[in-house]
Number of protein chains: 2
Amino acid sequence: MESRIDRIKKQLHSQSYKLTPQREATVRVLLENEEDHLSAEDVYLLVKEKAPEIGLATVYRTLELLTELKVVDKINFGDGVSRYDLRTEGADHFHHHLVCIECGAVDEIQEDLLGDVEKVVEEGWNFKIKDHRLTFHGICHRCHPKDHKESEGSEE
Amino acid sequence: MESRIDRIKKQLHSQSYKLTPQREATVRVLLENEEDHLSAEDVYLLVKEKAPEIGLATVYRTLELLTELKVVDKINFGDGVSRYDLRTEGADHFHHHLVCIECGAVDEIQEDLLGDVEKVVEEGWNFKIKDHRLTFHGICHRCHPKDHKESEGSEE
DNA sequence: CTATTTTTTTATAATAAGTTTAAATCGTTA
DNA sequence: TAACGATTTAAACTTATTATAAAAAAATAG
């Protein structure tokens, strides 16, 4: 974990930003809750436990900065709030999401899956893809019993 | 176009809602701007031209209703507003979007493309897919000149 | 037909997410 | 130490969306 913070620190420095205590506390919260999809408000409340004096605006600014640096991805599942999701280190593509319409759980798919589709789109539509968002809405394995085989953990 | 309105009317009636003049005006705006991705505010301004006495809240309520009925899809491209997109009649899947990070244009992909991916997800993650959202962010054919072949129109 | 109930709309107020601003702070450099 | 730039805080402000109360319209009962 320290090494990841170090790398983020270097990334900030390379753009002449500093890793202030507030920013570090925010990054730590994101790392400690990597499985979740926290809103700015969620992050704010968690950061406050470490750094009670921090302001909400600072959290917003930090998240914005981290989004610019591609450390996190800002995502939106259609409820009114933006959520922030740590980009998996080394991954060249943004992971996908499974949103359960029964229980609200959000699971992640790290596998690419879109390689072929992207090729088709780039060639067929003459569009240079830089990023993507893929979310499936449906019923998760916890909410319907007819299983195949299992392994995942549960969230939210 | 009249026939589509008729069908929407029947859909409303089947859930014991009425196609009031305000709702009809709103639906007409959506049909007349099928290519675009209008925000509630956009719809409101366009509807006002036909029905100047309509209130913004009514437009919001109508769009919400149409979303419930799956006549439109509520989408979100990450700017702060929700946009409303007529569901292509007869299509069993929601179409995809290409958002240009240079010029902001939003193009649509009507082709499915996700059939195989969905099969993999349903089986591998034991998740019953009901809907999906797929958006590519990148550079559209208008913003980079190296063409292959062309046909699309332009929007926004 | 009139009275009554239900649905919908209007206008306005309220809420909630996110952004901006001005003043204070902090770290660094001259 | 003085001065500068970057950052943070707190508070005010915007903007999108939702809720509420009163009015209007439509459907239904008598």
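For the numbers below, each heavy atom of this structure counts, side chains included, while hydrogens, waters and symmetry mates do not. Below, chains carry the letters A, B, ... as their sequence lines are ordered, and counting in each starts from 1.
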B:E41 CD to D:dT18 C1', straight-line distance once rounded to whole Å: 15 Å
For DNA chain C, the residues among residues 49-60 of chain A that have a non-hydrogen atom under 4.0 Å from it: A:A57, A:Y60
Any side-chain donor near an acceptor of the partner, B:E102 and B:H144, under 3.5 Å: no
Protein-nucleotide distance (B:N76, atom CG; C:dG18, atom P), rounded to Å: 10 Å
d(CG, A:D79; C1', D:dT18) in whole Å: 15 Å
Test item: side-chain donor near acceptor, A:H95 and A:D112, under 3.5 Å: no
Whole-Å gap separating C1' (C:dT19) and CG (A:L63): 14 Å
Short side-chain donor-acceptor distance under 3.5 Å, A:S3 and A:D6: no
Donor + acceptor pair across side chains of A:Q22, A:T62 (<3.5 Å): no
Carboxylate-amine/guanidinium proximity below 4.0 Å for A:E53 and A:K48: no
Cationic N near anionic O, under 4.0 Å, B:R133 to B:D131: yes
Nucleic acid contacts of residues 8-31 of chain B, taken as heavy-atom distances under 4.0 Å to DNA chain C: B:Y17, B:K18, B:T20, B:Q22, B:R23
Passing option when A:R4 is tested against A:L30, A:V71, A:L86 for side chain to side chain contact (heavy atoms under 4.5 Å, CB included): A:L86
Sugar-phosphate, base or nothing in reach of B:S82, heavy atoms under 4.0 Å: sugar-phosphate
Donor on one side chain, acceptor on other, B:E108 and B:H96, under 3.5 Å: no
Whole-Å distance separating the CZ atom of A:R83 from the C1' atom of C:dG18: 15 Å
